[in-house]
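Take a look at the structure below.
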Amino acid sequence: FEIPIMPIKAKYLIDKFDLKEGRLLGSILKEIEEQWLNNNFKISNNQIEDIIKSKRIWRQKSQNFLHRLVLLFQLNHFYFFQLNPFQLAI
């Protein structure tokens, strides 16, 4: 029995899909490996593309959420110091 080697490498994903090294690439590689293992050591290009699309969409949504959260915090922080009665008494 020969131990299979996963055919998809980080360099391939970086070159083909214009990805950068980092957490997103690691997350994509992990998902590809899990599907490859669960599919009897086979994975199609369509499956790889679907994984990349889903991870990019999730990342974009989470970045938008974090951006909105930071803006909300900044706005609340501004109003807190504008309307804080303790600060007015000083």
Side-chain angles (χ1 to χ4, degrees):
F1 177 72
E2 193 174 317
I3 298 173
I5 298 172
M6 191 173 93
I8 307 302
K9 305 290 183 205
K11 181 163 178 26
Y12 169 77
L13 298 175
I14 290 169
D15 293 342
K16 180 160 177 147
F17 298 101
D18 195 31
L19 293 169
K20 294 184 172 49
E21 290 184 22
R23 282 189 267 169
L24 177 62
L25 179 60
S27 175
I28 289 170
L29 276 170
K30 183 177 179 181
E31 181 72 26
I32 289 171
E33 183 179 30
E34 287 174 4
Q35 285 198 23
W36 177 72
L37 288 170
N38 292 332
N39 197 30
N40 202 21
F41 309 108
K42 296 176 188 166
I43 191 160
S44 71
N45 287 333
N46 287 339
Q47 287 173 298
I48 293 169
E49 289 174 8
D50 289 344
I51 292 168
I52 291 170
K53 285 178 189 174
S54 70
K55 294 287 183 179
R56 280 183 169 163
I57 290 170
W58 179 86
R59 183 174 186 215
Q60 184 63 38
K61 286 182 179 179
S62 65
Q63 285 177 340
N64 288 343
F65 172 76
L66 289 175
H67 180 71
R68 288 185 188 129
L69 192 61
V70 166
L71 289 176
L72 182 63
F73 174 77
Q74 289 173 343
L75 186 63
N76 284 337
H77 185 76
F78 172 77
Y79 281 117
F80 175 77
F81 285 109
Q82 292 294 318
L83 303 174
N84 187 345
F86 297 108
Q87 189 177 24
L88 294 175
I90 292 176

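Note that the coordinates shown come from a computational prediction; the quantities given were computed from them, not determined experimentally.
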Item to complete: Determine, stepwise, if the pair Met6 / Ile43 fulfils side chain to side chain contact (heavy atoms under 4.5 Å, CB included).
Response: CA-CA 10 Å; Met6 191 173 93; Ile43 191 160; over 6 Å; no

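Asn39 has its side chain within reach of Gln47: a pair of non-hydrogen atoms, C-beta onward, lies under 4.5 Å apart.
Taking Phe41 as the reference, Trp36 meet the ring pair (Phe, Tyr, Trp, His ring centres under 6.0 Å) condition, with sequence neighbours excluded. Residues satisfying the side chain to side chain contact (heavy atoms under 4.5 Å, CB included) criterion with Asn46, sequence neighbours excluded, are Ser44, Glu49. Remark: Lys11 engages Asp15 in a salt bridge (charged side-chain N to carboxylate O under 4.0 Å, His left out) (not counting sequence neighbours). Residues meeting the salt bridge (charged side-chain N to carboxylate O under 4.0 Å, His left out) test with Asp18, sequence neighbours left out: none. Taking Asn40 as the reference, nothing meets the side chain to side chain contact (heavy atoms under 4.5 Å, CB included) condition, with sequence neighbours excluded.
By the 6.0 Å contact criterion, NZ on Lys42 is open, its count of non-hydrogen atoms from other residues, nucleotides or ligands being 12 or less.
Note: Ile52 CD1 to Leu19 CG = 5.5 Å, rounded to the nearest 0.5 Å.
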Under 3.5 Å donor-acceptor pairs involving side-chain atoms of residues 21-30, not counting sequence neighbours:
from, atom 1, to, atom 2, distance (Å)
Ser27, OG, Lys55, NZ, 3.0

